[in-house]
Novice: 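Below is the structure I would like to discuss, written out as structure tokens.
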Protein chains: 2
Amino acid sequence: MSLRQPARATIRDVAAQAGVSVSSVSRVMNGEPHISPELHARIMRAVNRLRFEPHSAAQALRSRESKTIGCMVSDLSNPLYSEMINGAEEEFQRAGYVLMLAATRHEQDRETAFISAVRRRRMDGLLLFAGDNAHTDFTGALANLDLPCVAIDREVPGVPSVRADHRGGGLEITRYLIGLGHRRTALLTGRAALLPSSERLAGYRQAHTEAKLDVDPDLIRPQTQGSSIAFSDVCQLLQGPDRPTAIITLGTHMLAGVMDALASNGLRYPDDMSLVCIGDTDLARHATPGISALTWDLDQMGRVAANILLDRIRGGDEPRKIRPIYLPTRFILRHSGAKPRAP
Amino acid sequence: MSLRQPARATIRDVAAQAGVSVSSVSRVMNGEPHISPELHARIMRAVNRLRFEPHSAAQALRSRESKTIGCMVSDLSNPLYSEMINGAEEEFQRAGYVLMLAATRHEQDRETAFISAVRRRRMDGLLLFAGDNAHTDFTGALANLDLPCVAIDREVPGVPSVRADHRGGGLEITRYLIGLGHRRTALLTGRAALLPSSERLAGYRQAHTEAKLDVDPDLIRPQTQGSSIAFSDVCQLLQGPDRPTAIITLGTHMLAGVMDALASNGLRYPDDMSLVCIGDTDLARHATPGISALTWDLDQMGRVAANILLDRIRGGDEPRKIRPIYLPTRFILRHSGAKPRAP
DNA sequence: GGCATTCCTGGAAACGTTTCCATACTCTGC
DNA sequence: GCAGAGTATGGAAACGTTTCCAGGAATGCC
């Protein structure tokens, strides 16, 4: 159809075509004030005729702004993350930024590699999703970065963060189970090094302390997320001498493993075992009976984090409040909890 | 801790520090041959001392390669997509490319806006995930792009694609239901403008033709994805005079609505209604009874697409085979299908 | 009418690389 | 001992913008 375009138009071509200087074209493209209507019109005509599109590498080089946000996430296939990113991305799009994504798969090498990419590409900001707090090389590299950052459900020294109130959520659901009479509640909460897990555990402990109950460390299973791991964890717990009477588990992937384990041990919930899951899912909603779940607004979290980051980018280096912002969790009561059986 | 770094080191600083020319530094950084070991060592020492990191905008400007891949997806929060992207991203990372992500939310404006961003940023390639084939402005803009592209589950003229065999899958599951004796099978398959939906429908029709059955257009519900829509669709179908005896539905979000609709109409599967879902999910796996599902390898699809794109980028403009590559689907038989009740 | 502002425009120097060209040196084979 | 190929380095011109500086034309004020 169209001939192969020999070369893309540059700002120079536009200036020549319109018979004006390059600087005027630049001013028009950037919407600067003090431009006569005629000049504006003439330049825009040339821009359209030549289909001029500024080369953003050149812009970035000169203006020291890449209009780019880095986004580091451990596992993109986890819907918890992708939903937050979805929300954040929309805010960035609206502000004219493009998102650069990297999945680190919990590997420290990938984290530092991405930090390096962030530096080389002079990205304007960085969004950090939950990742291992134990990765110290990473926080070191980050400290030298001198770049607006916002962390999501992650603790990074000197970096403001947005978090769901996992501690409060853990407290609420544990209190609920204790209130039902449960004295032995298993907690399958994902990698211990992740902030949401450790916060949840803190809430769980607090609820037990309040009720003057001891917590059996065996009941805490801070394993990597995964349905088969949940399965074997639960089987193991069930074979022990002193079974738990309730289980708190992550909703994504793990809940399925837990349900399998119960079923293959001939147990039913809520009668033989109470169940609460963290993060509402189709499975929790539509299992029979429905499974009570702790939930929070992922899309909103992504958006809030994005806007804080944008503010910091625009506001320059103000050493804003670093205090984390907490978003509430909400407990959805369904029918997966009951009083423990009399022993 | 560390003083605020006044300015980042440039290749010039490195050259000065090492007492060599800029071009030598450039050569070393890019691993070019014909460099004496001493020079190499001297330069690397300077690089490390100054913590030099090349400015990728400058590199992109000069070398006309941005080492960047655009990735356009309609809805990032859909796990089907995020899992494919997760796979693709790993391949790109391995090859030294960074992924730039945009969620279009099925809005044509966002699609063209992103295409423009792709041009301005001189991205090296573009990955297109399933989107409305009806968006013609978009395909026009794309045709002018003259850039390596690969589409995933999407039909774009002149662009090679990777697709799951949705047609074959639709055929297989419809045959299965027809084999059980079903004559009226509802199909809730998502937006009609999406390739997977239309392909699935084609398979569905073919199975009916083979069996010399008519298809009732009322049974085909090409609605937007969403659990509440599935709910009302099914309720409507159940109130009609001539109920379907089987339902094929998308697994993500929609299956839940379907199950709700059945429950609230006092129906049970598989006895009152057979069920097959597209895309395996926790819910399909762990509902009781388990729900038969059509599945395919999302991670693999992302990787295959990424590698085709990388090949095209490296291989230059070879007008390769544009024929789509199909990945197989697999039918997982569970317990959600039965013979229809005698009327 | 002279002078200080403000408005509009152009020229040219950056920004930090890569790459082309030139040059000086080291081999190799005869 | 010399042409020619190959190796190792440096110099300088791009790449396509933004932005600083300068200057001419209006405008306002006394």
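Keep in mind the model is a prediction, meaning the values are calculated, not measured. Below, chain A is the first sequence line, B the second, and so on; all start at residue 1.
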Novice: Any side-chain heavy atom of R27(A) within less than 4.5 Å of one from I35(A)?
Specialist: yes

Novice: Using five base pairs at each end to define the local axes, how bent is the helix from dG1(C)-dC30(D) to dC30(C)-dG1(D), to the nearest 10°?
Specialist: 30°

Novice: Hey, mind stepping through R45(A) and E38(A) against salt bridge (Lys or Arg N to Asp or Glu O under 4.0 Å) and telling me if it holds?
Specialist: CA-CA 11 Å; R45(A) 223 174 305 133; E38(A) 310 87 70; over 6 Å; no

Novice: Could you state the atom-to-atom distance from NE2 of H40(A) to P of dT9(C) in whole Å?
Specialist: 12 Å

Novice: Quick one: side chain to side chain contact (heavy atoms under 4.5 Å, CB included) partners of E91(B), sequence neighbours excluded?
Specialist: R94(B), R303(B), A306(B), N307(B)

Novice: In whole Å, I'd like the distance from the NE2 atom of H34(B) to the P atom of dA8(D).
Specialist: 7 Å

Novice: Inspect the contact between R122(A) and E53(B) and indicate whether a charged nitrogen and a carboxylate oxygen are less than 4.0 angstrom apart.
Specialist: no

Novice: Taking F114(A)'s backbone N and O only, do any of them form a donor-acceptor pair with S116(A)'s side chain (distance below 3.5 Å, no angle check)?
Specialist: no

Novice: Salt bridge check: are R191(A) and D132(A) linked by an N-O gap of less than 4.0 Å?
Specialist: yes

Novice: For the backbone of A103(A) and the side chain of Q93(B), can you confirm whether one donor and one acceptor N or O come within less than 3.5 Å of each other?
Specialist: yes

Novice: Of all heavy-atom pairs between S56(A) and R121(B), which one has the smallest distance, and what is that distance?
Specialist: OG-CA, 2.9 Å

Novice: One character per nucleotide, please: for nucleotides 11-21 of chain D, 5' to 3', B when the base has a protein heavy atom closer than 4.0 Å, S when only the sugar-phosphate does, - otherwise.
Specialist: B-BBBBBBB--

